[in-house]
Amino acid sequence: MTDDLGTPVLDDHLHLDPDHGRGIEAVKDFARSGGTHLLVVNKPSWLLGYEVETGEDFRPVFETTLDVVERATEILDGRAWPVLGVHPGLVSKLVDDRGFDPEAARDLMQAGLDVAAEYVAAGASGGAGDPVGEREALALKTGRPHYDTTDAVWEASNAVLRHGLELGAERDCAVQLHTEASDDLTEIAGWAEDAGLDPLKVVKHYAGGELAGPTPSVMSEKERLDVAADRADPFLMETDFVDDPDRPGAVMGPKTVPRRVRWMREQGYDDAIRNAHVQTPKKVYGIDTETTLDR
Ligand SMILES: [Zn+2]
């Protein structure tokens with residue numbers, strides 16, 4: 001039995017690991033709970049066992065995500081889309097564990113982003129072009145560490161982040177960010193404008209209900225959703241489900257976004273549901289979560 005919530009339900013950021021985690025079973029849980037659309041972000045390269053040396057070495061990481069997205073789309077009433085990029089925590093793996101200097105780490109991570117951008121259909125999130133194909137990415141993912149670093153690593157990370165924004169402008173696609181916890185990222189929004197990318201199309205993943213600058217992808221806790229719903233600014237909802245058998249309780253499960261949508265209905269947050277699952281996805285990614293529903 002599927003719970004029909006009478007609306008598209010999009011989880012804006014989760015991971016699926018068909019080889020080590022629950023993979024497609026997690027998608028089935030999401031769909032049975034009333035979820036319809038997913039943005040699937042590739043797992044960090046090192047968690048999939050890849051010791052990257054060149055940008056090309058990221059390709060199998062991205063291919064894993066493209067494969068699982070195709071399978072997820074077969075199950076969902078709506079569909080899934082891939083979001084590809086380089087996890088900002090890689091800089092520490094390279095510098096602390098593998099002896100890279102920060103500049104070399106920066107270059108490798110930027111090269112990985114260049115390869116990710118090759119998978120993005122030109123104009124993917126522009127809303128004007130053709131619908132994104134299943135072997136094409138919808139958006140890019142970049143960012144900077146959420147923990148304290150040396151100045152040199154911070155500088156290298158910001159250069160990677162800005163490169164990601166430039167690629168987003170070039171491909172006319174949205175860019176998801178992993179950053180430190182913050183309710184004010186107007187500096188990064190300014191960098192997006194410098195690069196020629198609308199800050200609305202820059203999405204801070206793991207966000208609170210309130211954010212100055214980019215669009216918040218709000219972690220689906222009731223307290224955060226209360227804040228986002230009251231503000232009525234564009235926002236998205238996510239779980240950051242990591243699909244990691246070693247960290248089963250680390251994050252929210254795949255049923256959380258549909259469950260929270262049901263709770264939002266009970267609270268009378270109907271406008272916020274439409275905001276997060278129809279209007280903001282259209283503005284940010286150029287996707288139509290209504291016409292892509294089969295039912
Ligand atoms: Zn994540």
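Quick caveat: nothing in here was measured; it's all calculated off a predicted structure. Both counts, for ligands and for their atoms, begin at 1 and track the order of listing.
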(request) Indicate the ring-plane relationship of His13 and His15, choosing parallel, tilted or perpendicular according to the 30° and 60° boundaries. (result)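 The arrangement is perpendicular - the two ring planes meet at more than 60°.
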(request) Report the relative orientation of the aromatic rings in Trp81 and His37; use parallel for angles under 30°, tilted for 30 to 60°, perpendicular for over 60°. (result) parallel
(message) Listing by chain and number, which protein N, O or S atoms are under 2.8 Å from the Zn ion (ligand 1)?
(response) His13 NE2, His15 NE2, Asp240 OD1
(message) Could you check whether Glu238 pairs with Arg260 (Lys NZ or Arg NE/NH1/NH2 to Asp/Glu carboxylate O, under 4.0 Å)?
(response)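 No.
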(message) According to side-chain hydrogen bond (donor to acceptor under 3.5 Å, both in side chains), who are the partners of Lys43, at least two apart in sequence or on a separate chain?
(response)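 Only Asp17 meet the side-chain hydrogen bond (donor to acceptor under 3.5 Å, both in side chains) criterion with Lys43.
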(message) Would Tyr285 and Asp12 count as a side chain to side chain donor-acceptor pair (under 3.5 Å) here? Give the steps.
(response) CA-CA 11 Å; Tyr285 301 108; Asp12 182 59; 2.7 Å; yes
(message) For a quick check under 3.5 Å, do Tyr119 and Glu63 share a side-chain donor-acceptor pair by atom type?
(response)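 Yes, Glu63 and Tyr119 have a side-chain donor paired with an acceptor closer than 3.5 Å.
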